[in-house]
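What follows is a short report on a single structure.
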Amino acid sequence: MEYNAFFPPHEGLRLKDIADRFGAELSDEAAGERIIRSVAPVYRAKPDQLCYILSRKSNEELLTCEAGAVICDAALKNLVPSHIPALISKTPHTLFAQAGALLHPSAMRPSIVAPMETEISPAAFVDPSAKLEPGVIVEPLAVIGAGAHIGAGTRVGPGVVIGSHVQIGRDCTIAGGASILAALLGNNVIIHNGARIGQDGFGYAPGPRGMLKIVQIGRVIIQDNVEVGANTTIDRGTMDDTVIGEGTKIDNQVQIGHNVRIGRHCGIVSKVGIAGSTRIGDGVMIGGATGINGHITIGDGVQIAAMSGVVADVPAGSRYGGIPARPMKHFLRDMADILARAEERDKKTGEKNNG
């Protein structure tokens, strides 16, 4: 794959400068003058690109690798071909992320779509009572409601709707087509295209002629350094707040119900659904397409496997999986038992048919 117009290569950084900047050890100091412009996977990395390996599974791809350097830890250094220098780090995955951000800063958040002659497009609507600090960029067809407050360095993309009295911190990016209502956002928050923040929660009471809507008068609080993926929805609280903790990263197409509270530095993968009033601790990792029941508590540091169904509290530090979700060792044991029984059944069926 050649370089593309969406994310063009960097003008070039010396390999030694990259190593020094991030505290990595360069296996061949003579290679320090090599110019690096981009990143690539191992199998197609070229001499001006970085790649990385995390295990011996990459050994076969390394045989044809032409990278300018391979990022790895010391235990894997011997796998790197002799003609390619290694950037040795105790945290190679982290180093690759840091180097990628340095080489491709424009890929780190949604970029400006429309050419801008002024910071606020004449094709946008900004209510006269809204307060925008210096350096706010508002792209065409964005709508900013009465009393909204947006911090310096924040960019509001095309077609974005910012509701009345919403507060958005500094250096945020709100990408095209997103809507933010009844919400307070911290600094350096990224909201991707089409995300919906602060709409009604799903609350109804039985009535004589069907379901009656329960008012939803809470807010959404999104703390600093949170990233929310495309087409994700975060409902506002019923009377209290829905809260997303500092540093949490949420993938595309996630549904977070009203009054949910998510801790700091969590990772939530695509198509997860979290029902209302659930409490999620710090550092929790939730695999894709998992469903989480309402009014339960998931402790700090929990890991939940993809496509699980969590119906009850999960203790801190545990690993759960399956439907219903249970401790991972129990889930794996149950799966092994199911497979063994299926194999035995197929064996008996085969013997019967052959007989």
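Note that the structure is a prediction, hence the values are computed from the model and not measured. Computed from heavy atoms alone, side chains included, the values below leave out hydrogens, waters and symmetry copies.
A salt bridge does not link K16 with E33: every distance from a Lys NZ or Arg NE/NH1/NH2 to an Asp or Glu carboxylate oxygen is 4.0 Å or more. Look at D337 and R341 and you find a salt bridge, because one of the NZ, NE, NH1 or NH2 atoms lies within 4.0 Å of a carboxylate O, short of that distance. The pair D200-K213 meets the salt-bridge criterion, since a charged nitrogen lies less than 4.0 angstrom from a carboxylate oxygen.
Checking each of T232, D235, N231 against Q255 for a side chain to side chain donor-acceptor pair (under 3.5 Å) leaves exactly one that passes, namely D235.
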Quick one: do L54 and H93 satisfy side chain to side chain contact (heavy atoms under 4.5 Å, CB included)? Show the steps, please.
CA-CA 7 Å; L54 298 177; H93 207 176; 4.0 Å; yes

Evaluation steps, salt bridge (Lys or Arg N to Asp or Glu O under 4.0 Å), between R37 and E11:
CA-CA 6 Å; R37 293 185 170 87; E11 61 185 14; over 6 Å; no

Test T278 against I262 for side chain to side chain contact (heavy atoms under 4.5 Å, CB included), laying out the working first.
CA-CA 8 Å; T278 282; I262 297 174; over 6 Å; no

Evaluate side chain to side chain contact (heavy atoms under 4.5 Å, CB included) for I18 paired with D20, printing each intermediate quantity in order.
CA-CA 6 Å; I18 295 174; D20 292 345; over 6 Å; no

Side chain to side chain contact (heavy atoms under 4.5 Å, CB included) assessment of I244 paired with I234:
CA-CA 9 Å; I244 312 298; I234 304 175; 4.2 Å; yes

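Side-chain atoms of K249 never come within 3.5 Å of backbone atoms of G229 as a donor-acceptor pair (strictly under, hydrogens ignored). Judged by distance alone, the side chain of T248 and the main-chain N or O of C266 form a donor-acceptor pair under 3.5 Å. Within the 3.5 Å criterion, the main-chain N or O of T297 finds a donor-acceptor partner in the side chain of D313. Without hydrogens or angle criteria, R261 side chain to N259 main chain gives no donor-acceptor distance under 3.5 Å. Judged by distance alone, with hydrogens and angles left aside, the side-chain atoms of S38 form no donor-acceptor pair with the main-chain N or O of Q49 at under 3.5 Å. Under a 3.5 Å cut-off, the side chain of S318 and the backbone N or O of P327 do not form any donor-acceptor pair. The closest donor-acceptor contact from the side chain of S129 to the backbone of G147 lies under 3.5 Å. Here the side chain of D251 pairs a donor or acceptor atom with the backbone of S270 at under 3.5 angstrom. Using modelled atom types, no side-chain atom of S308 and backbone atom of G287 make a donor-acceptor pair closer than 3.5 Å. Not one N or O on the side chain of Q223 forms a donor-acceptor pair closer than 3.5 Å with the backbone of G245.
Note that the SG atom of C72 and the CG atom of L87 stand 8.5 Å from one another [nearest 0.5 Å]. To the nearest 0.5 Å, the span separating CD on Q199 from CG on L181 amounts to 7.0 Å. The OG atom of S164 sits 7.0 Å away from the CG atom of D127 when rounded to the nearest 0.5 Å. The distance from the CD1 atom of I71 to the CZ atom of F22 is 9.0 Å, given to the nearest 0.5 Å. Remark: F96 CZ to L103 CG distance equals 9.0 Å, nearest 0.5 Å. Atoms CD1 and CD1, from I222 and I197 in turn, are 4.5 Å apart once rounded to the nearest 0.5 Å.
Annotation: side chain of I168 is in contact with side chain of I180 (closest heavy-atom distance under 4.5 Å). The shortest distance between side-chain heavy atoms of P85 and L15 falls below 4.5 Å. The shortest distance between side-chain heavy atoms of I191 and T173 does not fall below 4.5 Å. The side-chain heavy atoms of V42 and V70, taken from C-beta on, include no pair separated by under 4.5 Å. S121 has its side chain out of reach of E139: every pair of non-hydrogen atoms, C-beta onward, lies at least 4.5 Å apart. With a 4.5 Å cut-off on side-chain heavy atoms, I174 and R155 do not count as touching. Annotation: side chain of S89 is not in contact with side chain of D73 (no heavy-atom distance under 4.5 Å). At a threshold of 4.5 Å between non-hydrogen side-chain atoms, the residues E119 and V138 do not count as touching.
Scanning both residues, A67 and R34, for their nearest heavy atoms gives O-NH1, 3.9 Å. Here the closest heavy-atom approach between residue N187 and residue D224 is recorded as N-OD1, 2.8 Å. Pairing each heavy atom of A130 with each of G145, the nearest pair is CB-O, 3.7 Å. In this structure, V254 and I268 approach most closely via the heavy-atom pair CG1-CG2, 4.0 Å. The two atoms that bring G177 and V160 nearest to each other are N-CG2, 4.0 Å, heavy atoms only. The shortest non-hydrogen separation linking G100 to V39 is CA-CG1, 4.1 Å.
In this structure, a donor-acceptor pair under 3.5 Å is absent between the side chains of E66 and H83. Under 3.5 Å, the side chains of R109 and N188 contain a donor-acceptor pair of N or O atoms.
When the side chains of ILVMFWY residues are joined at heavy-atom separations under 4.5 Å, either directly or via intervening members, I296 and V302 end up in a single hydrophobic cluster. Residues I286 and M328 fall into different hydrophobic clusters, defined by Ile, Leu, Val, Met, Phe, Trp and Tyr side chains chained together at heavy-atom separations under 4.5 Å. Hydrophobic cluster membership differs between M285 and I250, with clusters built from Ile, Leu, Val, Met, Phe, Trp and Tyr side chains linked at under 4.5 angstrom. Note: the hydrophobic cluster containing L339 does not contain L332 (ILVMFWY, side chain heavy atoms under 4.5 Å, direct or indirect links). Note on I150: it does not cluster hydrophobically with L184, by side-chain heavy-atom contacts below 4.5 Å among ILVMFWY residues.
Sparse packing is recorded around NZ of K271, with 12 or fewer heavy atoms of other residues, nucleotides or ligands lying under 6.0 Å away. Other residues, nucleotides and ligands contribute only 12 or fewer heavy atoms inside 6.0 Å of the CZ atom of R319. For M116, the CE atom sits in a packed shell: over 12 heavy atoms of surrounding residues, nucleotides or ligands are nearer than 6.0 Å.
For R21, the side chain to side chain contact (heavy atoms under 4.5 Å, CB included) partners two or more places apart in sequence, or in a different chain, are L102.
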N/O donor-acceptor pairs under 3.5 Å from side chains in residues 214-221, not counting sequence neighbours:
residue: Q216; atom: OE1; partner: T238; partner atom: OG1; Å: 3.0
residue: Q216; atom: OE1; partner: H258; partner atom: ND1; Å: 2.8
residue: Q216; atom: NE2; partner: I214; partner atom: O; Å: 3.0
residue: R219; atom: NE; partner: D241; partner atom: OD1; Å: 3.1
residue: R219; atom: NE; partner: D241; partner atom: OD2; Å: 3.4
residue: R219; atom: NH2; partner: D241; partner atom: OD2; Å: 2.8

